[in-house]
A.B. asks: 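A single structure is presented below for examination.
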2 protein chains.
Amino acid sequence: MTRLKAALDPRSVAIIGASENPNKVGGRPVHYLDKFGFKGKIFPINPSRSEVQGHKCYKSLADLPEAPDMTIVAVAGDNAIGTVEDCAAHGVKVAVVMASGFGEVDAVAGKAKERRMVEAAHKAGMRIVGPNSQGLANFGTGTIASFSTMFMEMEPSEGQGLVAMLSQSGALSSVPVGFLRQRGIGVRHTHATGNDADITVGELAVAVAEDPEVKLLLLYLESIPDTKYLEELASVALKRDLPIVALKSGRSEAGRQAAQSHTGALANEDRVVDAFFEQHGIWRAPDMRGLVEATELYLKGWKPKGRRLVAISNSGAVCVMTADAATNVGMPMAKLSAETDKKLKGILPSFATTTNPIDLTAALLSNSRLFGDILPVIAEDPAADAFLIGVPVAGPGYDVEAFARDAAAFGKQTGKPLVIAATQKSVADQFAAEGSSVFPTETEAVTALHQFLAHRELMAHIKARQAKAARAPWVPAATTTMLNEADSLALLAERGIPVVPYRLCRSRAEAIAAFETIGGPVVVKGCSADIAHKSELGLVKLGVSSREEAGEVWAQMEAIIRKHGSRFDGVIVAAMAGGRREIMIGAHRDPVFGPVVAVGDGGKYVEIFRDTALLLPPFSKEEAKAALHKLRIAPLFAGVRGEPPMDIEALCDAVMRIGDLMMDPTAKVVSLDLNPVLLDSAGKGCVVVDAVVFQG
Amino acid sequence: MTRLKAALDPRSVAIIGASENPNKVGGRPVHYLDKFGFKGKIFPINPSRSEVQGHKCYKSLADLPEAPDMTIVAVAGDNAIGTVEDCAAHGVKVAVVMASGFGEVDAVAGKAKERRMVEAAHKAGMRIVGPNSQGLANFGTGTIASFSTMFMEMEPSEGQGLVAMLSQSGALSSVPVGFLRQRGIGVRHTHATGNDADITVGELAVAVAEDPEVKLLLLYLESIPDTKYLEELASVALKRDLPIVALKSGRSEAGRQAAQSHTGALANEDRVVDAFFEQHGIWRAPDMRGLVEATELYLKGWKPKGRRLVAISNSGAVCVMTADAATNVGMPMAKLSAETDKKLKGILPSFATTTNPIDLTAALLSNSRLFGDILPVIAEDPAADAFLIGVPVAGPGYDVEAFARDAAAFGKQTGKPLVIAATQKSVADQFAAEGSSVFPTETEAVTALHQFLAHRELMAHIKARQAKAARAPWVPAATTTMLNEADSLALLAERGIPVVPYRLCRSRAEAIAAFETIGGPVVVKGCSADIAHKSELGLVKLGVSSREEAGEVWAQMEAIIRKHGSRFDGVIVAAMAGGRREIMIGAHRDPVFGPVVAVGDGGKYVEIFRDTALLLPPFSKEEAKAALHKLRIAPLFAGVRGEPPMDIEALCDAVMRIGDLMMDPTAKVVSLDLNPVLLDSAGKGCVVVDAVVFQG
């Protein structure tokens, strides 16, 4: 670790506000540094003591024999400000500020105090963790600069794990550690960064991701104020094949409100968060259990080839429920070969089931060898990507020890992912003792297995994707301008996006000429950069079918626009475009995540049904296609009820071009709304009929 | 218990195939009857022993001093058949047949063997449980006629619980018991009925539901071959306010296939199962954990008034995640009164949050009284229906004992549902010791609480509903007949369902007259009971706008029908109906659940999008409305984008009438398909445009 070394691997730590009592905020870090084997120097600072927990105690920073790499600021409230300034003045490299009562309480005055501390620090080249931080804990180096009570319960050896947990919240830095401990999984890092006034959870995560001992990185985020470090983190992690699982709370409106009233956190648009994580190969956990549930599977070193499941149980009910659970998460059941079936039939009794899921029945009770006999047969089947063995109940009469041994041997033999669903503790313990990953029910086993496999698939996909141009740092102007429809269409056409044939007519004569060129019937639309809602003013006329009518409507529309005192940019005469489905393409710039493109079912009720998928540019045509296939209307694209397929290639090309347009700083597009885009049958393309573009 | 008394509370039990070894199938029941305090007589039967596990052993049934109420048939395979016949001949009341290798293995020969046993039994007035049954276990009477290994681990006192578990599967009769044991919850009954050749799991459940000690009944079902006992069970349970939670597996196609290949189980249509359970106040659990997770809450005796949640935590992150979890399950957060807010502000430090969810912050560490001080204030707020207290991490420094005591006292004071989310075992244990219901995460706590409250709400709703006419026992004929469209429309019109104005015209002159009466433009459609797909044959012509054209089209359609050699029933001339949304109403008769009505979004893609809700008649207009509001298109009904609301009253009336029609044996309707039904604005009604009715 070279980044933030003073935070993760300091040579010396001073505790300002050190306490003799290991149950106080200022006492715990001293206790923990000792307990977890910190090798550097420990300097307690407390003007009223000469010794703290067996260490020589100093009156102030000035009294120390050397400038410490790290200070832990365990003084309360505003006293922390002066202390931080003092640290900066004395050559400290990192200050971990535990005091609370800053930005999380008062978004104005509190944040101002934070800025004062950070400015003082930066002037002296010091960095700050916090304030309102529960602290950092790197068990790899014994740097436990934290007041979490959790570590009181832990044995020093427990910290030698392969997992790193990073969180803004203190509770959420400890809770997952507790969960994992109960499963016998150690955590190497757990850091709570608090208000992120200087070092953010993202920046710290990048440093932690460089620790080669870390094999899985878990994140809890309450808000994502910027993506810089998360993008770097994802890139560092993908390079060294380090999976990242993130829990971002505030999914719901009620959750976002709670987050804002508690911490003043910026509310992120949740679907954009989903798209961002997916684009960076980060798995988004739905809740706290989802954050940790698959941990063991990530640490096995498996290299899965696919996601097809084979399930084996001595209970038919567990077989049925496993198939239900697999379907529910979108995991296919493997179709075993005829050869496998034949071999299984030779081993199993006639009343067992040889199709997947494989029901051994209670015959297992009378023949403990069944298990060991069939597993090698199944292992050889090329359709089997992963396995679940369900042993819901067993007791005296079942040779559970042999099952557990056979299962573990099978797992080693295949090298393929294997999970056990065992409800009874006595049974689960025996499988776990042999090194298998055990879950209490088939639902949990399948859910965790699916997460691991799907996440690995996602990471492989993201890795395979060609490196894309970095996101343009373009910041739109504060004021935005609406282009009139003709300019909007022209901008799109320039970028190779098909738009309806049209003419912008400045005179009645031009309208008549346009009618003759395009051929009737046509659509006639008034054009003004001042008017967003044309229909409501009578500025859209469909089915204009003669040259005289075209001229007449031109004149009417000019009159309407002028009467409204709006700029008269002309009148558009356009072809009546054909197509089979109204699609919408929209794009905007998220203040945090940058350009976002939405594509989905169009028409009148687009806002009601919201059958749209989000894409963060830059993205490929294939990624656009994958997004389209998530839509509810996706089945229509292939053609249903005897209809021909639709021109998805053309639509994906248009969507990708919109993504490129949003990335191009010279285009200055802030947002756009294309609705409808008429999608026609394969080979017949798609065409933008209405367009509004805002530039900034 | 009067029903099936010999199965649940026999005066004597004979074990045929009794073994000295308590780890064998024939040994376990003897061991268990002793262990769990069975008060009746125990008669082991085994020709080769004089004593079994300290009991006098008999050579055969004929040697017994009296006819036993119950026999346990623990002999293998086909030997069981003769043994059952022997039991019947000797005056046994119930035989529990554990032997397997019957219908679950071979749907033809195996089922035939089962029928032979049942016939022999019924002739002598004997009943059978099984075959392929793991056995019955009534801890209330000590009647443990089971070979489940699970009970080896249990202490006799553990069986004095308030929960009954009934299952067709052996594993699923034991697994939930194991789950509940781990939570310290005893089970009074757990029965595995196996192949249900005679006594079904439903019939046994009705008997168990009459045990006044049972406060919660859990069911595992792999297939529902008929609804008779389930309906009776639901009725008995509702009368005594006994909640039923059911896990019906085979939700997915893969699960149904697994169930069929394992047990030859009949596949139920899953959405109809959902509708059936809901109609009977039975909560459907999604999986095994869902079956047991809320058990503790049902046993508290709470009488909830609503579902609005108040959450309190010392962690802001837990507050946010609780709000997310509540939104996810559809539970509203309570809006606390201004008075409550004022009082809380007087107690809590300035940096805490007084809006719901209430974040006490780490201030709890320095002031353990906070908890005890704010709870009584919140308890008084009328908006609070239920509470969640989240204490994710605590250790030395926190007075967890006081929190646990305060929480329990608060729960008692309010009498309202309260759950605790505590991840750390040391914390969870202290809350549990005070009698609170503790879950490891907020997601699990909220999910269980929501289940309990929503289930109680459902039960109250079903109870409040007026008793409906029993389902007609009408069985449709084996062959069904399609009505032609005119007859289909006439049948609907007779029942007060609005249909499009139409005339069936037998001649060209009648067609011209119909045009003049209805007024053009009209739709003209060929009518034949032999032709289902009219459009494909050119038998639908829209927008016919003159009397001459009407006559001409009549003649063309007559020619087409006659050319196809189909019956010529005439030509329909109908009005061009108006309306704003195409709705579909369908109905069919499920072989198990009887009439089912589907209503939803109509149009061309009805089969693709399947935005439909199911209703089991008889149902009220209000229930039809509730079903319509589950649809994806539901927001349109109220009017969006400035549109007026639609005529949902008229639509619900039509749907209810379809339900009544399906219940009426005189109508003989087997299935019908009305698509589209054109739904118009409020006050303008809805109208059936196309209809196909099948009678049987």
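Lettering follows sequence order; numbering is per chain, from 1. Quick caveat: nothing in here was measured; it's all calculated off a predicted structure.
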A.B. asks: Under 4.5 Å from any heavy atom of chain B, what part of A/Gln134 do you find: side chain, backbone, both or neither?
C.D. replies: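 No part of A/Gln134 comes within 4.5 Å of chain B.
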A.B. asks: Let me know if A/Lys604 has heavy atoms under 4.5 Å from chain B in its side chain, its backbone, both or neither.
C.D. replies: both
A.B. asks: Given the options B/Ser313, B/Pro286, B/Ser249, which has more heavy-atom pairs under 4.5 Å with chain A than any of the others?
C.D. replies: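 Option with the top pair count is B/Ser249.
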A.B. asks: Below 4.5 Å, heavy-atom pairs only: which of B/Glu643, B/Glu442, B/Met152 has the largest tally toward chain A?
C.D. replies: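 Option with the top pair count is B/Glu643.
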A.B. asks: State which residues pass side-chain hydrogen bond (donor to acceptor under 3.5 Å, both in side chains) with A/Glu444; sequence neighbours excluded, sorted by chain then number.
C.D. replies: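 A/Thr441, B/Arg289.
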A.B. asks: Could you tell me which portion of A/Ser169 (side chain, backbone, both or neither) has an atom closer than 4.5 angstrom to a non-hydrogen atom of chain B?
C.D. replies: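 When you check distances to chain B, only side chain atoms of A/Ser169 fall under 4.5 Å.
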A.B. asks: Please classify the contact between B/Arg632 and chain A as side chain, backbone, both or neither, with a heavy-atom cut-off of under 4.5 Å.
C.D. replies: both
A.B. asks: Output the option from A/Asp287, A/Asn23, A/Asp324 having the highest count of non-hydrogen pairs under 4.5 Å with chain B.
C.D. replies: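 That would be A/Asp324.
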A.B. asks: Could you look at B/Ile633 and say if it's the side chain, the backbone, both or neither that has a heavy atom under 4.5 Å from chain A?
C.D. replies: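 Its backbone and side chain both get close to chain A.
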A.B. asks: Who are the salt bridge (Lys or Arg N to Asp or Glu O under 4.0 Å) partners of A/Asp106, not counting sequence neighbours?
C.D. replies: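 In terms of salt bridge (Lys or Arg N to Asp or Glu O under 4.0 Å), with neighbours along the sequence ignored, A/Asp106 is linked to no residue.
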A.B. asks: Quick check on the structure: residues of residues 325-334 of chain A within a heavy-atom distance below 4.5 Å of chain B, by number.
C.D. replies: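 Hits under 4.5 Å: A/Thr327, A/Met333.
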A.B. asks: What part of B/Glu607 is in contact with chain A, defined as an atom under 4.5 angstrom from a non-hydrogen atom: side chain, backbone, both or neither?
C.D. replies: neither
A.B. asks: Please state whether the side chain, the backbone, both or neither of B/Gln182 comes within less than 4.5 Å of a heavy atom of chain A.
C.D. replies: side chain
A.B. asks: Report the option among B/Gly110, B/Ser174, B/Gly250 that has the most heavy-atom pairs separated by less than 4.5 Å from atoms of chain A.
C.D. replies: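 Highest number of heavy-atom pairs under 4.5 Å: B/Gly250.
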A.B. asks: If you count heavy-atom pairs within less than 4.5 Å of chain A, which of B/Glu153, B/Lys24, B/Lys425 leads?
C.D. replies: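 Of the options given, most contacts go to B/Glu153.
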A.B. asks: Kindly write out the residues that satisfy side-chain hydrogen bond (donor to acceptor under 3.5 Å, both in side chains) with B/Ser100, not counting sequence neighbours, or none if the list is empty.
C.D. replies: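 Partners of B/Ser100 by the side-chain hydrogen bond (donor to acceptor under 3.5 Å, both in side chains) criterion come out as none, since no residue qualifies.
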